Amino acid sequence: VTAALPLKGLRIANFGWVWAGPVAGQTLAFLGAEVFKVESRARIDINRTLPPFAEGVRDPDRSLQNHAGWAGNGSVSLNLKKPEAKQLALRLVAVCDAVIENFGPGAMDDLGLGYEALRGAREDIVMLSMPAAGLYGPMKDVRTYGMSLTSLTGLDSITGYLDGPPIPVENAFSDPYNGVLGAFALLTALMYRRRTGKGQHIDYSQQEAMMQLAAPAFMDFAMNKRAGAPVGNQHPLHAGAPHGVFPCVGDDRWISIAVLNDAEWAGLVSAMGAPGWAQASEYATHEGRLRNVDDLHERLAAWTATKDDYDLAQQLQAHGVAAAPVLNVSDLLNDPHYRARKTFIEVTHPLGFKETIYGAYVKMSDSTPDVQPGPTIGRDNDYVFKNLLGLTPEEYERLVADEVIY
Amino acid sequence: MSDGALAPLRIIELGQMVSAPYCAKLFSDYGAGVIKVEPPEGDVARQWGPFPNDEPHPEKGGLFLFLNTNKQGITLDLDDQGGRDLFCDLLRDADALIENQRPRQMREWGLDYASLRKINPNLVMISITPFGQTGPYSGWNGYDLNAFHLSGTGHRYCGRPGEAPLEHGTFSAEYFGAIAGAAWGLAAIYGRDVTGGGQEIDVSCAEAVAALFVGAQNIGGYAQDGTFNRRTGVGMPLGAPATILPCKDGHVWMLALEPAQWDGLARVMGSPDWMQLEMFQDMFVRAENAEAMYPLITQWTMEHTKAEIMERCQAEGCPTTAILSMDEAASHPHLREREYMRTVDHPLLGPVPNLGPPFRLPESPGGAERPAPALGQDNETIFGQLESKAARREGAAS
């Protein structure tokens, strides 16, 4: 069955930069919205400058990760330092349903594109602002990087080896997370607008959105005044054992195994060939396994260490045990499950090279996104300025020559 | 409760633990009517706490109380035909079903999407599972840990070389699946007139993280060049300082990459001579010499508290932050002023702390107002409504 995409007919101006804002636009675009990222050669987005580049040629239109993270977004180029560019941006907003941005609080106002200005262009506009710590409050101007934002939520304090120091998450997990949840936020406001005719300005604090992930530790603090500590790969609520990542044969190969009830434990014991140690009374009960978790993990690790991770996962699954290989980057591309689901797709870029990006990361039964790589700078200028906004060819050429459209 | 953005929606949740329940909470906390359907023994999250004073009680599990606010709760035995009939009755005028059962289980019950769309062609079915509805692992048993590590996140980005890749101390993959299901599911609801009815939304928690996080920044390079990177345990290996360092009362996320940030850090540290050395003049050479540099910065951080370090760095344009422990985050003045810390009155526990909504809608505020349901608390009301509806249907038919 092929149905239309559900957000067909929606149009969005995306002032988002780097990663989170573009992913919000991407999600809506995969679902059918027409999304135009507003950017400029006057200040090239850092996300376009990150290697590796297609065929090794360093160019802001050839960053491979940019093409994945920004896929779905279109691009119009406007040098917003120029007053005429600001006017064009507002004319674009006037024909859009929503605006996305992830600058610091006040940056859009400084550009003359704050919520009131946008409302002047379109009364019922929905504006999604997603700064690090929200639009107001004593820490609203905090400077963070995506990978360190979670330091302000308690999450980083519980990430690490059991009872050890915090270990960094070495990239901005929060960026794509907030991009996707930002898309949901925008849709809630569009649902409200459909019913009431009213737009609104969404205050999306990335800190507050990410702190929800710390709920298990937060509730323990709230109820028992424990400050929280890293748990390694053990269950965050100590709900069962074994629960961890165990070594396998080969270079940096591992398997994840999680046993949360007696039936799964029986399956694991049987898969191991019912060795004597596993039948000892201290492991017979859920409580016993939790109490003796260190010994249990050590014995299990000795058993997994001689096995192939993929084979062992299949074998354990045949016994009903929740187990899966721990994948590295190359496995992601080659794994049969991701291949079957077309998680990663090869596409041909308009500049002529082939590249691999991720496809629709959620599957719909009736509608199928057409995923193309992220845009070259200004890809949609012609369509947007001439067709949507009705500039004459002469006006358009002059604005290009004056580096307004730039 | 106030007129939430999603007020007209009617959602049925068949969820356990985090993924489907958090997805449904995103609907219920923004005003949708959500009925949570539990098996007679309850959502397994009820067993796992954290509990006040560590005393297990099915109505006092902290994570359950967080994840299930603003929902009604009923119990149904879906192994029983009568239970399944009632479940289908509930779905007749629902906008969405949010569930995280194993795919095979839903098929065995006859509650897979192909069957349910016959009952209600407008239904959006949001299925959020570790591996998804299709593909060779779709029949696997799995939990958050398995899905998370199948995404490559730990291997690539968390842990020390030679030691085990790490989850983040919570249910990261389940949360990620929850928000992906919420965004795509709400879009499917929003666009029913465009698409011609409901549809199935198939979320694999592992796939969502593998694509959006690890895949995004690694797969293009690997496909082209055949090389890939792994966790380093450091933070950012190619630029420095970008790592977690100990300080007097805990840890800080030390970041000073751009020249202005490095200069700011120098002012905060009193411009020690070593910072002028050639080997520390840009973020790349600093990374090459990180082993020499980090101990020098640490000498200074160990003399100061995380709050001091963060305040002074931020004032000088350096993006270093304190690593807040859970108690510090929970009492942070910024979050207090924004009223992010909430309480919800619970019949057994009195006021229970909770977190505010993940984003603020000024025209239609979201947030937890009613406590998570006691097991089966709304059975009488909901089943009563179903009976009277059935009676009306029969009346109309006769």
Side-chain angles (χ1 to χ4, degrees), chain A residues 3-4 6 31 52 64-65 68-69 137-139 143 148 151 154 156-159 168 170-171 176 180-181 183-185 187-188 192 200 203-204 209 213 215 217 219-223 227-228 237 239 245 256 258 317 322 324 326-329 332 336-337 340-341 356 358 361-363 365-366, chain B residues 5 30 48 50 52 62 66 135-137 140-143 145-146 149-150 152 155 157 164 168-170 175 179 182-184 186-188 191 194-195 199-200 202-203 208 211-212 215-218 220-221 223 228 235 244 253 319 321 323 325-327 329 334 337-338 353 358-360 363-364:
Chain A
L31 287 156
L64 295 173
Q65 61 80 32
M139 201 176 63
R143 294 158 187 258
S148 61
S151 66
D156 284 3
S157 77
I158 56 172
T159 304
E170 302 185 58
N171 200 354
V180 174
L181 186 54
F184 174 79
L187 287 167
T188 62
Y192 184 78
Q200 57 187 314
D203 179 9
Y204 184 118
L213 277 78
M219 293 305 287
D220 195 32
F221 168 71
M223 291 175 152
L237 301 175
V245 164
S256 66
Q317 287 288 345
V326 175
L327 301 191
N328 66 31
V329 169
L332 292 183
H337 189 67
R341 289 179 66 86
T356 300
Y358 58 88
Y361 60 87
V362 170
K363 316 303 181 203
S365 58
D366 291 30
Chain B
Y30 290 97
W48 288 348
F66 170 77
Y137 308 160
W140 278 12
N141 186 12
Y143 296 104
L145 184 78
N146 311 106
H149 284 297
L150 195 75
H155 198 288
Y157 287 129
H168 297 168
T170 183
Y175 271 101
I179 60 153
W184 289 60
L186 185 54
V194 177
T195 61
Q199 56 183 316
E200 179 183 31
D202 167 18
V203 182
L212 282 154
Q217 301 224 321
N218 296 277
F228 65 93
I244 290 176
W253 235 114
T321 50
I323 296 198
S325 58
M326 210 61 248
D327 55 326
H334 177 73
E337 181 161 324
R338 288 175 58 84
F359 53 88
R360 318 284 178 103
E363 290 288 334
S364 48

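In what follows, chains carry the letters A, B, and so on, assigned in the order in which the sequence lines appear, proteins first and then strands, with residues in each chain numbered from 1. Given the structure is predicted, the values throughout are model-derived calculations rather than measurements.
Annotation: side chain of P6(A) is not in contact with side chain of V194(B) (no heavy-atom distance under 4.5 Å). At least one side-chain heavy atom of R338(B) sits under 4.5 Å from a side-chain heavy atom of D203(A). Between N218(B) and V329(A), the closest side-chain pair of non-hydrogen atoms falls below 4.5 Å.
Between the T188(A) side chain and the A5(B) main chain, no donor and acceptor come within less than 3.5 Å of each other. For the pair Q199(B) (side chain) and D366(A) (backbone), a donor-acceptor distance under 3.5 Å is present. A donor-acceptor pair is defined here as one N or O able to donate and one able to accept, closer than 3.5 Å; such a pair exists between the side chain of Q317(A) and the backbone of N141(B). At distances below 3.5 Å, at least one donor-acceptor pair connects side-chain atoms of T159(A) with backbone N or O atoms of H168(B).
Residues W253(B) and S151(A) approach most closely at CD1-CB, 3.9 Å, considering heavy atoms. The shortest heavy-atom contact between A164(B) and V245(A) is CB-CG1, 4.0 Å. When every heavy atom of V362(A) is checked against every heavy atom of D202(B), the shortest pair comes out as CG1-O, 3.6 Å. Minimum heavy-atom separation, L187(A) to L186(B): CB-CD2, 3.6 Å. Residues A227(A) and D327(B) share a closest heavy-atom pair of CB-OD1, 3.4 Å. Here the shortest heavy-atom pairing between Y358(A) and A211(B) reads CD2-O, 3.1 Å.
Contact tally against chain B (heavy-atom pairs below 4.5 Å) for A185(A), G228(A), P52(A): the top residue is A185(A). The residue among A340(A), A222(A), A215(A), A217(A) with the most heavy atom pairs within less than 4.5 Å of chain B is A215(A). Most heavy-atom pairs under 4.5 Å with chain B, from the set L332(A), L327(A), T356(A): that is L327(A). Among G69(A), A183(A), A239(A), A68(A), the residue making the largest number of heavy-atom pairs under 4.5 Å with chain B is A239(A).
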